[in-house]
Amino acid sequence: MRPVTDLERRVAPFKVVSDYQPSGDQPTAIAEISRRIHDGVSDIVLLGATGTGKTATVAWVAEQIQRPMLVLQPNKTLAAQFANELRHLFPENAVEYFVSYYDYYQPEAYVPQTDTYIEKDSSINEEVERLRHSATNSLLTRRDVIVVSTVSCIYGLGTPQEYVDRMLKLKVGDEIERDDVLRRLVDIQYTRNDLSFTRGTFRVRGDTLEIFPVYEELAVRVEFFGDEVERLMTLHPITGEVITEDSELHVFPATHYVAGPERMERAIAGIEAELVDQLADFERQGKLLEAQRLRMRTTYDIEMMRQVGSCSGIENYSMHMDGRERGTAPNTLLDYFPEDFVLVIDESHVAVPQIGGMYEGDMSRKRNLVDHGFRLPSAMDNRPLRWEEFLERIGQTIYLSATPGNYELDKVSSGGGAPDVVEQIIRPTGLIDPEVIVRPTKGQIDDLIHEIRDRVARNERVLVTTLTKKMSEDLTDYLLEAGVRTRYLHSEVDTLRRIELLRELRMGSTTSSSASTSSVRASTCRRCRWSPSSTPTRRGSCVRPSPSSRRSAVRRATCPDRS
């Protein structure tokens, strides 16, 4: 459910800033998609060949329709590329990046066959977490927003209404005690730290309060004169340089799973009631071990929630925190959007099946946890959306693909006729598809090195795809020994590092790429033999670890949008 708030979204027009103008098939596609959106058509398929500038087309469409937009991508790497390109086209608007914030994620699980309990283990990327909070902050405060996301957008995120209600509003001239402000900050999960000023903390020096919101790169300073807010400023957190003087500020909670005292007590009462029912059910079945497990874990979590307002795995109690009924859909990123947002599904032939498959995979794991006393049954309501629930929350949809699936084509077919798609075949550059040459596997590596050196002589780049991740790493090592600047890229490389590798390839700091089929590109430095997990020693000199140590340094993730 969309939040009800008096917070007025800032209205600024989408404006594309580019040295280029639409060309090839782009002008026709932009005009046709915009017309259909304005006419209220619910589903539109853009059949666009690779390299025809579909990203730029989406940008110009956004400029035409002037509505918030969600772009759904099948993986983090494509999402990062798409977001970076849109940021260059919309420097004056909010282009946000919303993906899973785990660098490493091992979900909680139980294997009954071997009586093995696997505790949840994860490593959170703080920068990606900031970007997630930045996305929800932008959605609640402005209209000119494009969010580029993966399937993370259909996973539970906390109640948007509570997120807004717990927001701290400060205005110059307001009468409010400093200590009341400090207590409010603690209530919304900010931590006082007068020594280390990091995101999600605040510090106090006399009548001066400094807050570092989790969604910002800049901090805010509040100066009091007695019980009156005298000045509000935005400043650089390291240098202390004042960037702007403000008349009003909003500080959103440090977590999406925030709850006020009344909501928390109501949630705890619901958890305790469910615990009594589940324990009685286990005892009737003679499952005394399961009953003891559940009693110990749940009572500990309840005590943590009472004392500090949170606990490990608090998202498993989201049904009670949100006040939802059993079986109802969780709140997700989609609930933070205004009603008239437009959904764009890129590579729809891959992304659409992904959305439908997330629910069952999550349920199979949680059923084991509930049946064996590790979680209350309500934990199963902390889940991704079902396909039909996803459809209820979206409006007009644009599907982008060079090879649309049957689902998308059926949505734009009427009466069994041919699909009514918008075509974008002619590239802005006028280039045609490259010639495909099939060569025998005998001597393929020598042939590859010859082709790489031929391209290097022309100041061009090379992309090499392999079947597996290990093959991409082994090929990288071989090409390094042959003196070729190469780096590998696959799903185990950290999210933000992948973006850096792609940029290095484009800028020419690497010559060739060795990539598994689950990735896009990869590379490595010729002079210092640097690879993505190398340890730098000094400028121009690196120590290259062995393949086994490099692989062990990169941990596997099981999060659905990890690759």
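Below, each value reflects all heavy atoms present in this structure, side chains not excepted, and no hydrogens, waters or symmetry copies.
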Measure the shortest side-chain to side-chain distance between [X] and [Y] over non-hydrogen atoms and say whether it is less than 4.5 angstrom.
{"X": "Val229", "Y": "Val181", "answer": "no"}
{"X": "Asn125", "Y": "Asp494", "answer": "no"}
{"X": "Leu47", "Y": "Val422", "answer": "no"}
{"X": "Leu385", "Y": "Thr332", "answer": "yes"}
{"X": "Phe341", "Y": "Leu139", "answer": "no"}
{"X": "Asp346", "Y": "Val148", "answer": "no"}
{"X": "Tyr336", "Y": "Val147", "answer": "no"}
{"X": "Glu96", "Y": "Arg132", "answer": "no"}

Return yes if some donor-acceptor pair links the side-chain N/O of [X] with the main-chain N/O of [Y] below 3.5 Å, else return no.
{"X": "Glu223", "Y": "Arg231", "result": "no"}
{"X": "Arg178", "Y": "Thr208", "result": "no"}
{"X": "Thr201", "Y": "Phe197", "result": "no"}
{"X": "Tyr97", "Y": "Lys76", "result": "yes"}
{"X": "Arg383", "Y": "Gly156", "result": "no"}
{"X": "Gln26", "Y": "Ala56", "result": "no"}
{"X": "Lys54", "Y": "Gly48", "result": "yes"}
{"X": "Arg461", "Y": "Leu505", "result": "yes"}
{"X": "Arg36", "Y": "Val41", "result": "no"}
{"X": "Gln66", "Y": "Phe14", "result": "yes"}

Which pair of non-hydrogen atoms, one from [X] and one from [Y], has the smallest distance, and what is that distance?
{"X": "Ala59", "Y": "Leu89", "value": "CB-CD1, 3.6 Å"}
{"X": "Pro213", "Y": "Arg199", "value": "O-CG, 3.9 Å"}
{"X": "Gly356", "Y": "Trp387", "value": "N-CE3, 4.2 Å"}
{"X": "Ser138", "Y": "Ala94", "value": "OG-CB, 4.1 Å"}
{"X": "Thr52", "Y": "Pro428", "value": "O-CD, 3.4 Å"}
{"X": "Pro237", "Y": "Arg203", "value": "O-NH2, 4.5 Å"}

Rounded to the nearest 0.5 Å, what separation is found between the [atom1] atom of [X] and the [atom2] atom of [Y]?
{"X": "Thr234", "Y": "His236", "atom1": "OG1", "atom2": "NE2", "value": "12.5 Å"}
{"X": "Glu63", "Y": "Ile65", "atom1": "CD", "atom2": "CD1", "value": "11.0 Å"}
{"X": "Leu391", "Y": "Ile355", "atom1": "CG", "atom2": "CD1", "value": "8.5 Å"}
{"X": "Thr397", "Y": "Glu408", "atom1": "OG1", "atom2": "CD", "value": "11.0 Å"}
{"X": "Ile426", "Y": "Thr28", "atom1": "CD1", "atom2": "OG1", "value": "8.5 Å"}
{"X": "Asn382", "Y": "Leu157", "atom1": "CG", "atom2": "CG", "value": "11.0 Å"}

side-chain contact (heavy atoms from CB on, under 4.5 Å) with Tyr190: which of Val186, Asn193, Ile188, Asp187? Ile188
So if I apply the side-chain contact (heavy atoms from CB on, under 4.5 Å) rule between Ile314 and each of Ser312, Ser318, Ser310, which one comes out positive? Ser310
Are more than 12 heavy atoms, taken from residues, nucleotides or ligands other than [X], located less than 6.0 Å from that residue's [atom1] atom?
{"X": "Lys171", "atom1": "NZ", "result": "no"}
{"X": "Tyr20", "atom1": "OH", "result": "no"}
{"X": "Glu245", "atom1": "CD", "result": "yes"}
{"X": "Arg365", "atom1": "CZ", "result": "yes"}

Could you walk me through whether Cys153 and Leu72 pass the side-chain contact (heavy atoms from CB on, under 4.5 Å) test, one step at a time? CA-CA 8 Å; Cys153 68; Leu72 189 60; 3.6 Å; yes
Given the rule in the salt bridge (Lys or Arg N to Asp or Glu O under 4.0 Å) test, do Arg221 and Glu210 qualify, once you have shown the distances and angles that lead to the verdict? CA-CA 4 Å; Arg221 177 181 291 163; Glu210 292 180 347; 2.7 Å; yes
Checking side-chain polar atoms at under 3.5 Å, does Thr255 have a donor or acceptor matched by the opposite partner on Gln189? no
Thr141 versus His250, side-chain donor and acceptor atoms under 3.5 Å: no
Please lay out, stage by stage, how Glu162 and Arg263 fare under the test salt bridge (Lys or Arg N to Asp or Glu O under 4.0 Å). CA-CA 9 Å; Glu162 188 70 10; Arg263 183 181 288 263; 2.8 Å; yes
Assign the ring pair Phe252 / Tyr215 to parallel, tilted or perpendicular, where the plane angle (0 to 90°) is split at 30° and 60°. perpendicular
[Y]/[X] salt bridge by N-O under 4.0 Å criterion:
{"X": "Glu500", "Y": "Arg497", "result": "yes"}
{"X": "Arg393", "Y": "Glu389", "result": "no"}
{"X": "Arg35", "Y": "Glu32", "result": "yes"}

Could you walk me through whether Asp322 and Thr328 satisfy the side-chain contact (heavy atoms from CB on, under 4.5 Å) test, starting with their C-alpha distance in whole Å, then the side-chain angles of each, then the deciding distance to 0.1 Å, before giving a yes or no? CA-CA 11 Å; Asp322 298 346; Thr328 54; over 6 Å; no
side-chain contact (heavy atoms from CB on, under 4.5 Å) for Phe390 and Leu334? Distances and angles first, verdict last. CA-CA 9 Å; Phe390 172 75; Leu334 301 177; 3.8 Å; yes
What verdict does the side-chain contact (heavy atoms from CB on, under 4.5 Å) test give for Phe82 and Val58, after you've listed the backbone C-alpha separation in whole Å, the side-chain angles of each residue and the deciding distance to 0.1 Å? CA-CA 10 Å; Phe82 207 99; Val58 169; 4.2 Å; yes
